[in-house]
Amino acid sequence: GYLWARARLGYVAFREKNLAAAQDILMECMREFRTDRDRTGLIFTAETMVCLFVELNQPDRAARLFGWAEATREATGDSRPQLEQMDLNRSTSVIYRKLGENKFKDMLNEGSAMTLDEAVEVAVGNLVAAHY
């Protein structure tokens, strides 16, 4: 309950363009969901972080994390709600334009091969609060 509420609060902070708060909350949630081994929570939080990384102009990181989330959803049969799909469609469109087709595909493939712990490291490791 509490952790999911925090993750949704991070999503709201992102939607309100409060990127610093979103970053802090989402990083905390990624760590906690990893501790709990809650894949659904990790997917939701990771996909929100994909959108955050687009706003922070970190398309490589966003693409890798998106690749992991897509592969994990496919493996678990977990479908994405429509509102979240619309956010990701916008974000992946930006990523694609910034990286180009080949690099975009490479980053997606790299992300889809990551373990859960590697995905968390991409999400929380060395995240610099910048571009606010």
Side-chain angles (χ1 to χ4, degrees):
Y2 170 77
L3 190 51
W4 269 98
R6 288 286 295 161
R8 287 186 177 94
L9 182 62
Y11 177 79
V12 169
F14 168 76
R15 297 283 296 186
E16 291 178 342
K17 300 296 184 192
N18 186 346
L19 302 183
Q23 174 184 331
D24 290 344
I25 293 166
L26 295 169
M27 287 176 64
E28 170 195 342
C29 290
M30 284 297 286
R31 288 185 195 103
E32 293 298 320
F33 280 132
R34 174 178 52 187
T35 298
D36 292 350
R37 300 310 249 195
D38 183 335
R39 283 193 187 270
T40 304
L42 282 163
I43 293 168
F44 172 81
T45 306
E47 290 174 344
T48 304
M49 292 187 87
V50 166
C51 300
L52 176 66
F53 291 146
V54 168
E55 291 294 318
L56 296 174
N57 197 29
Q58 297 179 13
D60 288 16
R61 199 174 197 178
R64 291 176 64 212
L65 201 53
F66 181 67
W68 175 82
E70 282 286 284
T72 304
R73 278 197 184 275
E74 186 175 310
T76 61
D78 185 14
S79 63
R80 185 177 295 117
Q82 186 61 33
L83 179 60
E84 293 169 28
Q85 184 64 56
M86 292 177 357
D87 287 341
L88 284 169
N89 287 349
R90 281 189 294 272
S91 292
T92 55
S93 175
V94 171
I95 297 165
Y96 184 88
R97 282 194 314 271
K98 287 186 176 200
L99 296 180
E101 182 177 0
N102 291 335
K103 188 167 183 184
F104 179 75
K105 286 180 181 178
D106 289 346
M107 293 289 101
L108 287 181
N109 288 335
E110 187 178 321
S112 69
M114 291 189 305
T115 66
L116 181 147
D117 289 331
E118 290 169 332
V120 172
E121 183 59 32
V122 167
V124 302
N126 302 316
L127 184 58
V128 176
H131 309 296
Y132 297 122

(request) Indicate the atoms forming the closest heavy-atom contact of Ala63 with Met107, along with that distance. (result)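 Shortest heavy-atom separation between Ala63 and Met107 comes out as CB-CB, 3.5 Å.
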
(request) Give the minimum heavy-atom separation between Ser112 and Asn109, together with the two atoms involved. (result)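 Answer, listing the atom of Ser112 first, then Asn109: OG-O, 2.9 Å.
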
(request) Apply salt bridge (charged side-chain N to carboxylate O under 4.0 Å, His left out) to Glu118 and list each qualifying residue two or more places apart in sequence or on a separate chain. (result)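 Result, salt bridge (charged side-chain N to carboxylate O under 4.0 Å, His left out) vs Glu118: none returned.
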
(request) Name all pairs fulfilling the ring pair (Phe, Tyr, Trp, His ring centres under 6.0 Å) condition that reach into residues 63-84, sequence neighbours left out, sorted by first residue then second. (result)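 For residues 63-84, and leaving out neighbouring residues, there are no ring pair (Phe, Tyr, Trp, His ring centres under 6.0 Å) pairs at all.
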
(request) For residues 69-114, pull every pair meeting ring pair (Phe, Tyr, Trp, His ring centres under 6.0 Å), keeping only residues two or more places apart or in separate chains. (result)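 Checked against ring pair (Phe, Tyr, Trp, His ring centres under 6.0 Å) - neighbours excluded - the pairs reaching residues 69-114 are Tyr96-Phe104.
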
(request) For the pair Asp117 and Arg37, find out whether any cationic side-chain nitrogen is under 4.0 Å from an anionic carboxylate oxygen. (result)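 Looking at Arg37 together with Asp117, the answer is yes, because their closest N to O distance falls below 4.0 Å.
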
From [atom1] ([X]) to [atom2] ([Y]), nearest 0.5 Å:
X     : Y     : atom1 : atom2 : value
Asp38 : Leu3  : CG    : CG    : 7.0 Å
Thr40 : Asp78 : OG1   : CG    : 5.0 Å
Leu65 : Asp60 : CG    : CG    : 12.5 Å
Gln23 : Leu52 : CD    : CG    : 6.5 Å
Thr92 : Glu70 : OG1   : CD    : 8.5 Å

Is there a continuous path of hydrophobic side-chain contacts, each under 4.5 Å between heavy atoms, that joins [X] to [Y]?
X     : Y     : answer
Val12 : Met49 : no
Leu99 : Phe53 : yes
Leu9  : Phe14 : no

(message) List the residues meeting side-chain hydrogen bond (donor to acceptor under 3.5 Å, both in side chains) with Asp87, not counting sequence neighbours, and say none if there are none.
(response)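 Tyr11, Arg15, Arg90.
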
(message) Can you list everything that forms a side-chain hydrogen bond (donor to acceptor under 3.5 Å, both in side chains) with Glu101? Sequence neighbours excluded, please.
(response)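 So Glu101 forms a side-chain hydrogen bond (donor to acceptor under 3.5 Å, both in side chains) with Lys105.
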
(request) Could you list the residues that satisfy side-chain contact (heavy atoms from CB on, under 4.5 Å) with Val94, not counting sequence neighbours? (result)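 Result, side-chain contact (heavy atoms from CB on, under 4.5 Å) vs Val94: Val54, Arg97, Lys98.
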
(request) Taking side-chain contact (heavy atoms from CB on, under 4.5 Å) as the test, write out the residues that go with Asn102, two or more places apart. (result)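 Expected list: none.
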
(message) Exactly one of Arg61, Lys103, Arg64 should register a salt bridge (Lys or Arg N to Asp or Glu O under 4.0 Å) with Glu110. Which one does?
(response)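 Exactly one pass, corresponding to Arg64.
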
Give the table of side-chain donor-acceptor pairs shorter than 3.5 Å for residues 24-36, with sequence neighbours excluded, one pair per line with atom names and distance.
unit_1	atom_1	unit_2	atom_2	d
Glu28	OE1	Arg6	NH2	2.8
Thr35	OG1	Arg31	O	3.1

(message) Enumerate the side-chain hydrogen bond (donor to acceptor under 3.5 Å, both in side chains) contacts for residues 41-54, please, sequence neighbours excluded, ordered by first and then second residue.
(response)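 side-chain hydrogen bond (donor to acceptor under 3.5 Å, both in side chains) check on residues 41-54 returns Glu47-Arg73, Glu47-Arg80.
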
